[in-house]
Amino acid sequence: MSTSAQTTAPPGLATRQEWLAILARTPRACMKDALDAALDGALRPEFDWLRAPDIGLAMVRGRVGGSGDAFNLGEVTVTRATLRLRDKERATLAALADALLQTPAFEARMHEHLLAPLAARIEQNRAQKQARAAGTKVEFFTMVRGD
């Protein structure tokens, strides 16, 4: 299976970059349920890890005033995946979904039954957040005083 970014979806369906963004924003339980629904009872295909997900720490260094003495700022978590994940099962599900989306036999079904529902869920959450924020909106206006 190719992992190139040039993989294109059928017209009107998400590109690989878009589907990876959807998968990155989806919680593990939702992704697992949607993947099972998209496979429609079929067993998950067998796969071999080319590079298993790795999670580690890296020391971040800084400089006083941007050009002064260097110092250790602290540690940050890093992963070999392109997503910010600390959940290996979620990374596995996303990698499996990505591979299936690049497989012609599964591509259309995965778009319809995996990506579309997950994208709709993300959009619904975004709309709910915007509605809550809109409820706190304050309109300011200035009254002009007469001379």
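We count residues from 1, following the sequence as given. What's counted below: heavy atoms across the whole structure, side chains too, no hydrogens, waters or symmetry copies. Small disclaimer: the values here were computed from a predicted structure and weren't measured.
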Looking only at atom types and distance, does a side-chain atom of Arg90 sit under 3.5 Å from a main-chain N or O of Thr26, one as donor and one as acceptor? yes
Check: Thr103 side chain, Ala99 main-chain N or O, donor-acceptor pair, under 3.5 Å: yes
Find out whether [X] and [Y] are in side-chain contact, i.e. whether some heavy atom of one side chain is under 4.5 Å from a heavy atom of the other.
X      : Y      : answer
Leu57  : Val76  : no
Trp19  : His111 : yes
Arg61  : Leu73  : no
Arg121 : Pro27  : yes
Leu101 : Arg16  : no
Leu39  : Arg44  : yes

Nearest 0.5 Å, please: how far is [atom2] in [Y] from [atom1] in [X]?
X      : Y      : atom1 : atom2 : answer
Leu23  : Leu93  : CG    : CG    : 9.5 Å
Asp36  : Met31  : CG    : CE    : 12.0 Å
Leu118 : His113 : CG    : NE2   : 12.5 Å

For Asn72, I'd like to know if atom CG has over 12 heavy atoms of other residues, nucleotides or ligands within 6.0 Å.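 Enclosed.
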Sidechain N-carboxylate O distance under 4.0 Å for Arg109, Asp40: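 Salt bridge: yes.
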Any Lys/Arg nitrogen of Glu123 or Arg126 sitting under 4.0 Å from an Asp/Glu carboxylate oxygen of the other? yes
For Met110 and Ala97 the tightest heavy-atom approach is CE-CA, 4.4 Å
Smallest heavy-atom separation, Leu35 atom then Leu114 atom, equals N-CD1, 3.4 Å
Joint cluster assignment, Met59 & Phe71, ILVMFWY side-chain distance < 4.5 Å: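 No, Met59 and Phe71 fall in different hydrophobic clusters.
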Could you walk me through whether Glu18 and Leu115 pass the side chain to side chain contact (heavy atoms under 4.5 Å, CB included) check? CA-CA 9 Å; Glu18 292 168 336; Leu115 289 183; over 6 Å; no
